[in-house]
A.B. asks: 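Have a look at this one before I ask anything.
By convention in this document, chain letters (A, B, ...) are assigned in the order of the sequence lines, proteins followed by strands, and residues within each chain are numbered from 1. When reading the values below, keep in mind they use all heavy atoms of this one structure, side chains included, and skip hydrogens, waters and symmetry mates. Values in this document were obtained by computation on a predicted structure and should not be read as measured data.
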Amino acid sequence: MIKDFFLAEIEKAIDKAIKAEKLGAMTEYVHGGLAIERPKNPEFGDFAVNVSSLARAARIAPPAIANAIVEQLGSNQYSVAGGFINFKTNKVMLSEVASEIFEEQKNYGKPQRIDAEKIMLEYVSANPTGPFHIGHGRWAAMGSVLANLLKFYGHEVYQEFYINDAGSQIEKLGRSLEIRIRQELGECIDFPTDEIERKNFYPGEYLIPTAKKFIEVYDMTTYKPVDLTDLCDFAKAEMEAQQKELLKNFGVHFDNFYSELALHKSGRVDKCIEELCKSGKIYDNDGAKWFKSSDYGDEQDRVIKKADGSNTYLTADIAYHIDKLERGYDRLINIWGADHHGYVARVKASIEALGYDPCKLEILLGQLVNLVINGEEVRMGKRKNMVTLDELIDEVGVDATRFWMSMRNIDTTLDFDIELAKTNSDENPVFYVQYAHARACSILRNAISEKIDTQTGKKSPAPLTQSEYDSIPKVSILPTVDTARQLILKLEEYKSVIKNSAEQRQVYTICRYVQELASEFHSFYNQNRVISEDKELMLSRLALVMAVKIVLCNALEDILGISAPERM
RNA sequence: GUGCUUGUAGCUCAGCUGGAUAGAGUGUCACUCUCCGAAGGUGAAGGUCGUGGGUUCGAAUCCCACCAAGCACACCA
């Protein structure tokens with residue numbers, strides 16, 4: 001990376017300046033204390049480093065420090081402004097960026113060496129009691145993008161969906177299906193109207209098709225009592241199948257679906273309670289067993305076994321996380337909705353109590369999604385207003401949904417404006433970026449297509465022959481104009497974007513980057529004609545266009561999981 | 001009441017471990033198609049960084065208090 005090169009040069013110069021006693025009271029510089037940044041105003045240069053932080057140790061003014069360091073560098077590439085050292089990259093370095101892109105192709109931006117980890121990424125993890133709502137869409141999109149990103153960065157990533165298929169909710173689902181079946185068979189029956197009673201059912205209409213299917217499978221003409229477990233199993237299987245189908249269509253891949261019910265049946269949950277008992281952190285109170293999670297920073301202790309002898313949801317969750325750790329993962333990353341934040345402390349506490357390092361568990365808490373329809377916020381959660389993820393994707397498409405769900409920092413509430421996401425216009429960032437890619441493809445097509453004048457019908461030969469076109473990657477780019485320089489620097493930035501995004505688990509920075517790159521490219525396009533009489537210049541510019549196309553395509557398809565269309 | 005998250009331009013959001021004149025997009029207004037896709041580009045206007053203190057040479061950024069919004073505070077899952 002160009003940044004790393006400059007940082008190393010400057011750090012060397014600081015060491016030299018200290019030896020020459022040019023940095024006042026400073027006797028030692030610990031490497032890594034400074035960072036290279038892009039100046040806010042490009043007139044200052046391509047990169048900058050702020051040395052003001054050394055002022056305290058040196059006890060001299062920042063500009064004097066900067067000058068002392070630049071003196072040691074002995075190059076006119078560097079200039080000083082206040083506490084900043086600014087510098088421009090030379091043409092050779094810029095040209096190398098493009099060569100690197102052509103060499104690496106799909107791997108451009110992948111770091112050479114990282115401490116690779118075996119990561120378990122768990123996300124979505126919904127109840128199989130109904131269709132996904134748009135909130136699930138955010139976790140699905142962000143999770144799959146994060147998985148792509150971490151894999152690309154060099155980690156080994158395993159994606160898992162924890163199915164909450166145990167507990168009382170499943171019985172609710174079964175009983176709700178029964179009502180729908182009896183309705184279908186002509187019985188005059190409905191869900192309770194009393195609000196509290198109604199909470200024991202899922203009155204959404206989505207169970208009607210399932211009821212019809214059930215009637216067909218069981219060949220019923222009138223309702224005969226069916227075992228509740230059969231009803232539950234049928235409904236559950238149907239909901240799970242629907243959810244899996246949707247995930248597939250949404251471009252979200254899971255390596256495994258882990259059943260909570262199977263976890264209970266395997267005896268792992270009971271074993272986990274035993275282990276906790278051995279740790280001495282369990283006590284009895286009011287007939288229930290409590291886990292002393294407050295010893296590990298939780299606000300209060302938690303029930304692990306109820307007075308009626310059954311386990312709580314937490315108990316299974318503890319067992320599940322221990323199971324993940326036993327499967328040998330270095331790191332567990334979970335994406336949870338912010339409404340589950342209370343669980344973080346207790347799950348971490350259990351991990352620690354059972355002798356594992358709680359730092360291995362990273363929980364990304366995501367704020368929820370608000371739907372904006374015609375400029376008005378529609379609150380989710382109220383069942384009657386619920387918009388399902390299915391409906392949303394039908395309305396705006398997979399690409400736009402994935403992009404919009406990923407484009408914001410996870411800890412801000414996301415406003416999803418349906419009307420905006422639907423428009424194929426400049427208001428929509430997805431189309432803006434895809435358009436840039438299509439435009440790059442179009443230029444490359446034109447470079448080897450013969451041109452037909454629409455007025456005269458005269459044909460003129462293609463600007464380049466196929467073999468000339470194939471040699472483009474070997475061409476060295478001539479960053480003669482400023483827009484080209486800026487574009488190349490933006491391409492170079494991709495490497496740091498990938499690094500920061502992967503290390504901080506911040507997916508939205510990729511979305512931002514891709515918009516910025518598209519913007520630089522559109523700007524370049526408008527100021528420079530790519531296909532021209534000057535062949536050397538044309539080849540150089542085509543090489544730049546090709547480099548942009550590669551990076552845009554990599555970011556869109558491989559990381560964001562969004563199509564990079566060649567035509568629109 | 002307690003905890004977590006958020007408060008930056010009309011709107012939606014960036015702003016990296018404190019540092020250059022607080023940045024984008026969108027909306028508004030003005031330019032811009034003889035030429036590779038105008039689904040584009042260029043420019044202008046628009047901000048007491050929720051409020052008040054504090055730390056610092058220097059604060060949108062760190063600390064404290066307050067105000068406002070969202071979420072969570074089960075022997076539900």
A.B. asks: Under 4.0 Å between a Lys/Arg side-chain N and an Asp/Glu carboxylate O for A:Arg485 and A:Asp46?
C.D. replies: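 Here A:Arg485 pairs with A:Asp46 in a salt bridge, since their nearest N and O are under 4.0 Å apart.
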A.B. asks: Assign A:Arg567 to base, sugar-phosphate, or nothing according to its heavy-atom contacts below 4.0 angstrom with the strands shown.
C.D. replies: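 A:Arg567: base contact, heavy atoms under 4.0 Å.
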A.B. asks: So if I take every side-chain heavy atom of A:Gln169 and compare against B:rA14, B:rC13, B:rA77, which nucleotide ends up nearest?
C.D. replies: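 Nearest to the side chain of A:Gln169 among the choices is B:rA77.
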A.B. asks: Which nucleotide, B:rC13, B:rG40, B:rA72, lies nearest any side-chain atom of A:Asn526?
C.D. replies: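 Nucleotide nearest to A:Asn526's side chain: B:rG40.
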A.B. asks: With a 4.0 Å cut-off on heavy atoms, is A:Asn409 in touch with a base, just the backbone sugar-phosphate, or nothing at all?
C.D. replies: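 Touches sugar-phosphate only.
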A.B. asks: Can we say A:Glu493 and A:Lys490 salt-bridge, meaning some charged N sits less than 4.0 Å from an Asp/Glu carboxylate O?
C.D. replies: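 Salt bridge: yes.
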A.B. asks: Anything under 30° is parallel, anything over 60° is perpendicular, the rest tilted; go ahead and classify A:Tyr313 against A:Tyr343.
C.D. replies: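 Plane angle over 60°, so perpendicular.
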A.B. asks: I want to confirm an ordering. Mapping A:Gly342 and A:Ile36 to their closest nucleotides on RNA chain B, which one lands closer to the 5' end?
C.D. replies: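 Counting from the 5' end, the first nearest nucleotide belongs to A:Ile36.
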A.B. asks: Hey, is the side chain of A:Asn86 pairing donor to acceptor with the base of B:rA20 inside 3.5 Å?
C.D. replies: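 Present.
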A.B. asks: Expressed in angstrom and rounded to an integer, what is the separation of A:Tyr202 atom OH from B:rC76 atom C1'?
C.D. replies: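 Value for this atom pair: 10 Å.
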A.B. asks: Can you list, by residue number, the residues of residues 531-550 of chain A that have a non-hydrogen atom closer than 4.0 angstrom to RNA chain B?
C.D. replies: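 Close to the strand are A:Ile531.
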A.B. asks: Mind telling me whether A:Phe416 and A:Trp404 have parallel, tilted or perpendicular rings, with 30° and 60° as the class edges?
C.D. replies: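 Rings of A:Trp404 and A:Phe416: tilted, as their planes differ by 30° to 60°.
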A.B. asks: Kindly say if A:Tyr432 contacts the phosphate of B:rU26, meaning a side-chain N or O under 4.0 Å from OP1 or OP2.
C.D. replies: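 No, because none of the side-chain N or O atoms of A:Tyr432 sits under 4.0 Å from OP1 or OP2 of B:rU26.
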A.B. asks: Specify the separation, in whole Å, of atom CG of A:Asp411 and atom C1' of B:rU6.
C.D. replies: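 Atom-to-atom, A:Asp411 to B:rU6, this comes out as 8 Å.
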A.B. asks: Any idea which heavy atoms bring A:Ser79 and A:Phe44 closest together, and the distance?
C.D. replies: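 Answer, listing the atom of A:Ser79 first, then A:Phe44: OG-O, 4.4 Å.
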A.B. asks: Any N or O donor-acceptor pair linking the side chain of A:Tyr343 to the base of B:rA77 at under 3.5 Å?
C.D. replies: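 Per atom types, the contact qualifies.
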A.B. asks: Closest nucleotide of RNA chain B for A:Gln367 versus for A:Arg346: which of these residues is on the 5' side?
C.D. replies: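 This one resolves to A:Gln367.
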A.B. asks: Going by heavy atoms closer than 4.0 Å, what residues in residues 504-517 of chain A are next to RNA chain B?
C.D. replies: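 By residue number: A:Tyr508, A:Arg512.
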A.B. asks: Atom CG of A:Leu34 to atom P of B:rG18: distance rounded to whole Å?
C.D. replies: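 Going from A:Leu34 (CG) to B:rG18 (P), I get 13 Å.
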A.B. asks: Could you tell me the separation between the NE2 atom of A:His341 and the P atom of B:rA72, rounded to a whole number of Å?
C.D. replies: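 To the nearest whole Å, that distance equals 9 Å.
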A.B. asks: Starting at the 5' end of RNA chain B, write a dot or bracket for each base, bracketing those in Watson-Crick or G-U wobble pairs whose two distances are under 3.5 Å and using | for partners on another strand.
C.D. replies: (((((((..((((.....[...)))).(((((.......))))).....(((((..]....))))))))))))....
A.B. asks: Heavy atoms only: give me the nearest A:Gln434-A:Ser563 pair and the separation to one decimal.
C.D. replies: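 Between these two residues, the closest heavy atoms are NE2-O, 2.9 Å.
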A.B. asks: Does a side-chain N-to-carboxylate-O contact under 4.0 Å join A:Arg175 and A:Glu171?
C.D. replies: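 Here A:Arg175 pairs with A:Glu171 in a salt bridge, since their nearest N and O are under 4.0 Å apart.
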A.B. asks: Roughly how far, to the nearest 0.5 Å, is the CZ atom of A:Phe524 from the OG atom of A:Ser519?
C.D. replies: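 One gets 14.0 Å once the value is rounded to the nearest 0.5 Å.
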A.B. asks: Does a side-chain N or O of A:Lys306 approach OP1 or OP2 of B:rA77 to a distance below 4.0 Å, or not?
C.D. replies: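 Indeed, a polar side-chain atom of A:Lys306 lies that close.
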A.B. asks: Answer with base, sugar-phosphate or nothing: what part of the nucleic acid does A:Pro39 contact at a heavy-atom distance below 4.0 Å?
C.D. replies: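 It contacts base atoms.
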A.B. asks: Which one, B:rG19, B:rG40, B:rA72, comes nearest to the side chain of A:Ser52?
C.D. replies: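 It is B:rG19.
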A.B. asks: For the base of B:rC35, is there a side-chain donor-acceptor partner from A:Arg529 under 3.5 Å away?
C.D. replies: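 By the distance-only test, yes, there is a pair.
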A.B. asks: Is the glycosidic angle of B:rC33 within 90° of 0, making it syn, or outside that range, making it anti?
C.D. replies: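 That one's syn.
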A.B. asks: With a centroid cutoff of 5.5 Å and a plane-angle limit of 30°, would you call A:Phe84 stacked on B:rA20?
C.D. replies: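 Stack criterion met.
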A.B. asks: Please determine if a side-chain N or O atom of A:Ser523 lies less than 4.0 Å away from the OP1 or OP2 oxygen of B:rU42.
C.D. replies: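 For B:rU42, OP1/OP2 do have a side-chain N/O of A:Ser523 under 4.0 Å.
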A.B. asks: Are any non-hydrogen side-chain atoms of A:Tyr29 and A:Glu11 less than 4.5 angstrom apart?
C.D. replies: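 Answer yes - side chains close enough.
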A.B. asks: A:Phe521 has an atom CZ; how far is it from atom P of B:rC36, in whole Å?
C.D. replies: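 Distance, rounded to whole Å: 14 Å.
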A.B. asks: Rounded to whole angstroms, how far apart are CD on A:Gln300 and P on B:rC4?
C.D. replies: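 After rounding, the gap between these two atoms is 15 Å.
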A.B. asks: Minimum heavy-atom separation for A:Leu392 to A:Ile134, with atom names?
C.D. replies: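 Taking every non-hydrogen atom into account, CD2-CG2, 3.7 Å.
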A.B. asks: Could you tell me whether A:Arg439 sits above the aromatic face of A:Phe521, with NZ or CZ closer than 6.0 angstrom to the six-membered ring centre and within 45 degrees of the axis?
C.D. replies: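 Geometry flag: not set, cation outside 6.0 Å or 45°.
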